[in-house]
Amino acid sequence: MAAIPITLGTADPFSLDDDLAWRDWRDRKLADLPRSPDDLVVEIRDPFALSASERAALLDRCARWNMALYRLRRPTDAVGAGSGAQGAAGTRLVRALGAQLGLHRLDRNWLAGDDGVSLLRVNPGGGVHGDYIPYTSRAIGWHTDGYYYPPARRIDAMMLHCLNPAARGGDNRLLDPELVYLRLREIDAAHIAALSAADAMTIPARAPDARDGEGDPLQQARGQQAGPVFWRGPVDGRLRMRYTARTRSIVWRADTATQAARAALEAVLADGDR
């Protein structure tokens, strides 16, 4: 089945003034929901050399459901198990697989490796990494990556690759943001209007407050970042979402409409509806 197209002409499903286009898009979206997580899975023979059918299957799932799950047929060969360099082999795999899907410009956040890939694992000794939840055994709430970045650095796609499954825990919950938008708009289109405001959610500025043994800053300073929760991609017109469930270092617009929309969004995320 083909991906649901986004029309950039006169019909606009994400315009609150175009109810006909919206209902058409909504009905097609709901008619094409994955029946189970198995529908998201693509078996890959060689992640360093995708076949045309494997690549098409991954892109099709991302277009329809905003995610795909890949499973390596021979995972030990792919990551070099037993070579003593699983981490390095895994990052090579991620970069090679991503490049075949059009992911060439990596976000080199300050905790990433020299190759731009972040190796997430529990750091029992604490240190700089231990200050951040992804490097601990603590749970992390709903969020989109890079919600604190300026528009030019927004994250448009990401990959999560498992090198070693956790002995216990380590579960992920993933959600198609288009379904969040759909549920909120069905509840009240005013929620969408409020969450589309340019200053709906603001991340306060941060100064570098951690330093290494030589006095050099370890944290990246950043300016205040205000932005919407929902907006349209400037090139493809597809829906984007920016959000975090954290309650500290977040400033939501204080008007009644935004506060009501935020509460409705939290309820939708907590609902667990398929």
Hits for side-chain hydrogen bond (donor to acceptor under 3.5 Å, both in side chains) against Arg55, two or more places apart or cross-chain, chain-then-number order -> none
Identify whether NZ of Lys or CZ of Arg in Arg246 sits under 6.0 Å from the centre of the six-membered ring of Trp142 and within 45° of that ring's axis. no
Residues that Ser118 engages under side-chain contact (heavy atoms from CB on, under 4.5 Å), provided they are two or more places apart: Asn109, Ala112, Leu120, Tyr135
Test: salt bridge (Lys or Arg N to Asp or Glu O under 4.0 Å). Region: residues 40-54. Which pairs qualify, not counting sequence neighbours? Glu43-Arg71
Tyr147: which residues meet the ring-ring contact (aromatic ring centres under 6.0 Å, His included) condition with it, sequence neighbours left out? none
List for me each residue that meets side-chain contact (heavy atoms from CB on, under 4.5 Å) alongside Asp17, sequence neighbours excluded, and say none if there are none. Ser15
Test side-chain contact (heavy atoms from CB on, under 4.5 Å) applied to Ala257 - qualifying residues, sequence neighbours left out: Ala194, Asp255
Salt bridge (Lys or Arg N to Asp or Glu O under 4.0 Å) partners for Asp38, two or more places apart: none
Residues at least two apart in sequence or cross-chain that pass side-chain hydrogen bond (donor to acceptor under 3.5 Å, both in side chains) with Glu266, listed by chain then number, are Arg262
With sequence neighbours excluded, give me every ring-ring contact (aromatic ring centres under 6.0 Å, His included) pair touching residues 164-190. Phe14-Tyr181, Trp22-Tyr181, Tyr181-Phe230
State which residues pass side-chain contact (heavy atoms from CB on, under 4.5 Å) with Ile187; sequence neighbours excluded, sorted by chain then number. His191, Val268
Not counting sequence neighbours, list each pair that qualifies as a salt bridge (Lys or Arg N to Asp or Glu O under 4.0 Å) and has a residue in residues 188-205. Asp199-Arg253
Is there a donor-acceptor pair under 3.5 Å between the side chain of Thr144 and the backbone N or O of Tyr243? yes
Side-chain heavy atoms under 4.5 Å apart, restricted to Ile/Leu/Val/Met/Phe/Trp/Tyr: what other residues fall into the cluster of Leu69, or is it alone? Leu40, Val41, Trp65, Met67, Leu174
